[in-house]
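So you know, we letter chains A, B, ... as the sequences are listed, proteins then strands, and number each from 1.
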Protein chains: 2
Amino acid sequence: MEKKDPDLCKVENTLHILIGKWKPLIIMHLMFGGTKRFSDLQRALAGITTKTLTTQLRELEEQEIILRVVYPVVPPRVEYSITEYGMTLQPVLHLMHEWGNAHLERQLNKEQSTFNNNQ
Amino acid sequence: MEKKDPDLCKVENTLHILIGKWKPLIIMHLMFGGTKRFSDLQRALAGITTKTLTTQLRELEEQEIILRVVYPVVPPRVEYSITEYGMTLQPVLHLMHEWGNAHLERQLNKEQSTFNNNQ
DNA sequence: ATATAAAGTATCTTTAAAGATACTTATAGG
DNA sequence: CCTATAAGTATCTTTAAAGATACTTTATAT
């Protein structure tokens, strides 16, 4: 990027962590809501299936963004939390949030002015 | 995010702009390489098909991230460039690049230590 | 009259992500 | 001994993104 060589672009690395319909939401729930159980997350992410949630959590765990702790009890108890490393994503997510918010407002304004022009 | 309400999370707005196997690369080419013709981009993004390139460019144009200028000549000449608004993505991409780069190095170190442990 | 060039369209096929649904496991409590 | 419970698996189907390939347009140079 500094060398103006897009082949050296590492943006995809970050994108790869974040891509997945539910991943940003999962990360933010754990980042700001603290430790959560599987069923807590499933409740919070209304509409996600167990299979999808499992897949997303396993991928995030593999990347060491989240931690999975299993308590050997019956019925099972599994707790998910953000790792220290996962927390390093916070500034990135924050900036993306800011830009995304501004982008949304821009789009609303655009629609509004289209509406006005059609009056 | 500030209110710790992930439903208000706007990260997806940004992600939506960036998602697409080639979009970050297209944006960065135009952001750092300046105005480019369709065929320039196709050459730069080795392996992309015309259909895919067209789709990605049209979506970015629709979001006003890039500008498409058609010169009415034969054979056609079409130039793509980043918009002023598109340039506002630069800090976001920069941070994503930094994090992605660090993440890559971390993964390489991890592999290295696995290798050492297996010696 | 024909071939060429740039920037696409139009279709069809492949692949990957996500969703729906049913099943499993092991034990504590009634 | 039967049931309920949490955290999943296992399969199958749907949907969306991307890729492959062939075709189109039209003024100009040959």
Task: side-chain N/O A/Arg58 vs D/dT9 OP1/OP2, d < 4.0 Å - done: yes

- [ ] Take A/Val74 and B/Arg68, find for each the nucleotide of DNA chain C with the closest heavy atom, and name the residue whose nucleotide sits nearer the 5' end.
- [x] B/Arg68

Task: Phosphate OP1/OP2 of D/dA6: any A/Tyr80 side-chain N/O under 4.0 Å - done: no

Task: Value in whole Å for how far the C1' atom of D/dA7 lies from CD of A/Glu61 - done: 14 Å

Open item on the list: On the nucleotide C/dA7, are OP1 or OP2 found under 4.0 Å from the side-chain N or O atoms that B/Arg37 carries?
Closed with: yes

Open item on the list: Tell me whether B/Thr83 contacts the main-chain N or O of B/Ile65 through its side chain, where contact means a donor paired with an acceptor under 3.5 Å.
Closed with: yes

Open item on the list: Donor-acceptor pair, distance only, cut-off 3.5 Å: does the side chain of B/Asn101 make one with the backbone of B/Glu98?
Closed with: no

TODO: Measure the distance from CG on A/Leu41 to P on D/dA6 and round it to the nearest whole Å.
DONE: 14 Å

Open item on the list: Can you give me the closest heavy-atom contact between B/Met96 and A/Thr14, atom names plus distance?
Closed with: O-OG1, 2.6 Å

Open item on the list: Using 0.5 Å steps for rounding, measure from the CD1 atom of B/Ile27 to the CG atom of B/Leu60.
Closed with: 5.0 Å

Open item on the list: What is the distance, to the nearest angstrom, from the CG atom on B/Leu57 to the P atom on C/dA7?
Closed with: 11 Å

Open item on the list: Quiz question: by atom type and distance under 3.5 Å, do the side chains of A/Trp22 and A/Thr52 form a donor-acceptor pair?
Closed with: no

Task: Nearest-angstrom distance from the residue atom CG of B/Leu53 to P of C/dG8 - done: 8 Å

- [ ] State the CG-NZ distance between A/Leu45 and A/Lys21, to the nearest 0.5 angstrom.
- [x] 11.0 Å

Open item on the list: By nearest atom, which of the nucleotides D/dT5, D/dG8, C/dG8 is closest to the B/Thr54 side chain?
Closed with: C/dG8

Open item on the list: What I want to check is whether the side chains of A/Gln63 and A/His16 have a donor and an acceptor closer together than 3.5 Å.
Closed with: no

Is there any protein nitrogen or oxygen under 3.5 Å from a nitrogen or oxygen in nucleotides 16-21 of chain C, and what are the pairs?
residue : atom : partner : partner atom : Å
C/dA18  : OP1  : A/Lys21 : N            : 2.6
C/dA18  : OP2  : A/Gln56 : NE2          : 3.1
C/dA18  : N7   : A/Lys51 : NZ           : 3.4
C/dG19  : OP1  : A/Lys21 : NZ           : 2.9
C/dG19  : OP2  : A/Trp22 : NE1          : 3.1
C/dG19  : N7   : A/Lys51 : NZ           : 3.4
C/dG19  : O6   : A/Lys51 : NZ           : 2.7

Open item on the list: Could you tell me how far apart B/Phe38 (CZ) and C/dA6 (P) are, to the nearest whole angstrom?
Closed with: 12 Å

TODO: Pick base, sugar-phosphate or nothing for A/Tyr71, based on heavy-atom distances below 4.0 Å to the nucleic acid.
DONE: nothing

Task: Side-chain N or O of A/Ser39 closer than 4.0 Å to phosphate OP1/OP2 of D/dA7 - done: yes

